[in-house]
Novice: 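Got a structure for you, written out below as structure tokens; questions coming shortly.
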There are 2 protein chains.
Amino acid sequence: MPQAPAAAADTKVLILHAARRRFADHGYEGTSLNDIADDVGIRRPSLLHHFPSKEAIYRAVLFELVGDWTALVTAAVQDPTTGWGQVERVLSAAFEFFEQHTDFVRLARREAIDGGPFFDEIATGLQPLFDRAVGFLEKEMRAGRLRRHNAPQLLLAGYGAILSYFSDAPLITVLLGTDPLSKESLRVHRREVVDLFRNALDPR
Amino acid sequence: MPQAPAAAADTKVLILHAARRRFADHGYEGTSLNDIADDVGIRRPSLLHHFPSKEAIYRAVLFELVGDWTALVTAAVQDPTTGWGQVERVLSAAFEFFEQHTDFVRLARREAIDGGPFFDEIATGLQPLFDRAVGFLEKEMRAGRLRRHNAPQLLLAGYGAILSYFSDAPLITVLLGTDPLSKESLRVHRREVVDLFRNALDPR
DNA sequence: GGGATACCCTACCGACCGGTAGGTAGGAGA
DNA sequence: TCTCCTACCTACCGGTCGGTAGGGTATCCC
């Protein structure tokens with residue numbers, strides 16, 4: 001029983017959505033095209049009508065997410081605030097983004113660990129963001145609006161602390177005994193992390 | 001050309017060693033028994049003479065590492081020191097362990113993200129360690145030897161900051177432009193993280 | 001010497017992988 | 001109405017996966 005063809009754009013969106021979930025949950029190797037096709041409700045060869053290969057699907061998912069992340073950071077940095085206020089703004093924006101894009105966090109983590117075939121493009125995509133953040137921190141430290149630290153290392157520590165909470169949610173669920181992604185847990189975690197960095201950075 | 005059989009114990013050790021590297025580098029799905037067998041220098045069926053299945057090999061690798069980690073934490077906590085001094089001691093011990101067991105870090109990370117079939121046993125193995133650490137922090141906070149914080153969340157933030165530095169080394173290499181696992185980089189990172197937590201915890 | 005056992009091998013299995021070939025249904029435009 | 005295109009299908013490709021069967025050889029124990 002043949003099926004009425006859907007609009008190509010719609011199917012492509014459905015594929016990307018299903019693929020993002022699968023890749024985030026099980027990684028590149030742990031996801032088969034059949035898995036994705038089943039989620040969409042079509043057969044595998046029909047997937048490959050919309051994308052030339054599994055690799056192309058993965059790449060599309062990755063770039064979409066990096067694009068979202070870049071847009072958010074760019075917007076957050078637009079604001080001319082300085083000192084601790086700006087740091088807190090960016091921290092908050094990052095938190096909100098990660099809350100709403102847990103797939104992105106886990107995918108990024110997998111890429112960071114793997115150093116796989118797509119890794120280079122992702123890394124060079126993220127580097128300007130990192131450099132800009134380091135530049136901002138160092139400028140504010142020199143101006144005395146933030147306490148002096150090794151800016152890149154501090155940034156890495158912060159990125160690690162926040163990202164881990166979202167990427168390792170399955171483990172943290174067991175450790176805490178409650179859902180770490182619940183409104184209340186998120187509120188508490190966010191306050192704790194912001195506090196950690198205020199103690200380190202805010203000259204008061 | 002048949003080969004002289006080696007002592008079973010030796011081969012088993014070689015298998016576990018090769019498997020740990022492979023699983024850490026490429027994950028469970030991304031590692032085939034042929035990969036491991038090639039590293040050891042035997043054929044795949046010979047692997048399965050020493051272990052009943054791929055899953056059994058993975059499980060053995062995982063439990064060995066969790067055992068090492070448990071032993072280290074237990075030893076570090078043995079010391080009767082209190083307050084910030086004890087926190088700094090444990091932090092230092094963890095750093096050293098992670099430096100020497102980067103395979104463990106990446107494997108643990110993969111497990112934490114996946115929530116896979118082996119995950120439950122690992123998580124319940126780690127939970128007592130987590131609970132004990134939280135207990136220590138809260139005791140010291142009540143006694144006024146550490147500044148008050150939400151202990152579990154602070155611990156998670158710390159664990160995330162440190163672990164990420166090692167697990168995400170491939171990405172960080174690109175971001176920093178230097179080897180994050182070099183003696184000098186490690187020294188700087190360690191000082192920065194210890195500083196971060198001293199600012200938060202040490203009542204001075 | 002003769003088993004028994006431990007270790008490793010080649011040869012094979014069924015299942016699944018990503019990807020291709022070829023065909024069909026149905027809408028759009030001449 | 002004829003033609004072209006899109007979207008999807010079934011059937012198949014070569015190759016790899018984890019795992020098994022069965023044989024050969026070295027070593028240990030009697």
Novice: Do B:Ile113 and A:Leu171 touch side chain to side chain, with heavy atoms closer than 4.5 Å?
Specialist: no

Novice: Given atom CG of B:Leu14 and atom C1' of C:dC7, what is their separation to the nearest angstrom?
Specialist: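 It works out to 14 Å between those atoms.
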
Novice: Find out whether A:Leu126 and A:Trp69 are in side-chain contact, i.e. whether some heavy atom of one side chain is under 4.5 Å from a heavy atom of the other.
Specialist: yes

Novice: Starting at CD1 of B:Ile36 and ending at C1' of D:dG18, how long is that distance when rounded to a whole Å?
Specialist: 11 Å

Novice: Do any side-chain nitrogens or oxygens of B:Ser46 fall under 4.0 Å of OP1 or OP2 in C:dT10?
Specialist: no

Novice: Atom NE2 of B:His50 to atom C1' of C:dA6: distance rounded to whole Å?
Specialist: 9 Å

Novice: Using side-chain heavy atoms (C-beta onward) and a distance below 4.5 Å, is A:Arg147 in contact with A:Asp202?
Specialist: no

Novice: Does the side chain of B:His149 pick up a donor-acceptor pair with the side chain of A:Glu192 at under 3.5 Å?
Specialist: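 Their side chains do contain a donor-acceptor pair, which is all the 3.5 Å distance test asks for.
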
Novice: Classify the ring geometry of A:His189 against A:Tyr165: parallel below 30°, tilted from 30° to 60°, perpendicular beyond 60°.
Specialist: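 A:His189 vs A:Tyr165 ring planes: parallel.
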
Novice: For the pair made of NZ in B:Lys12 and C1' in C:dC7, what is the distance, rounded to whole Å?
Specialist: 13 Å

Novice: Strictly under 4.0 angstrom, non-hydrogen atoms only: write out the protein contact profile of nucleotides 15-21 of chain C, one letter per nucleotide from the 5' end, B, S or -.
Specialist: --SBBB-

Novice: Find the bend of the helix from C:dG1-D:dC30 to C:dA30-D:dT1 as the angle between its two terminal axes (five pairs each), to the nearest 10°.
Specialist: 0°

Novice: Could you tell me if the side chain of A:Arg145 sits less than 4.5 Å from the side chain of A:Thr82, heavy atoms only?
Specialist: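 The answer is yes, as the side chains (C-beta and beyond) meet within the 4.5 Å cut-off.
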
Novice: Would you indicate, yes or no, if C:dA6 has its OP1 or OP2 atom less than 4.0 angstrom from a side-chain nitrogen or oxygen of B:Thr11?
Specialist: no

Novice: Is any side-chain N or O of A:His49 closer than 4.0 Å to OP1 or OP2 of D:dA7?
Specialist: yes

Novice: Whole angstrom is fine here: how far is it from CZ in B:Phe51 over to C1' in D:dG18?
Specialist: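 Atom CZ in B:Phe51 sits about 16 Å away from atom C1' in D:dG18.
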
Novice: Just to verify, what does A:Arg89 make a salt bridge (Lys or Arg N to Asp or Glu O under 4.0 Å) with, not counting sequence neighbours?
Specialist: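 Partners of A:Arg89 by the salt bridge (Lys or Arg N to Asp or Glu O under 4.0 Å) criterion, ordered by chain and then number, come out as A:Asp79.
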
Novice: Going by atom types only, do B:Ser164 and A:Arg109 share a side-chain donor-acceptor pair under 3.5 Å?
Specialist: yes

Novice: Please check if any side-chain donor atom of A:Asp168 sits under 3.5 Å from a side-chain acceptor atom of B:Tyr159, or the reverse.
Specialist: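 Short answer, yes.
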
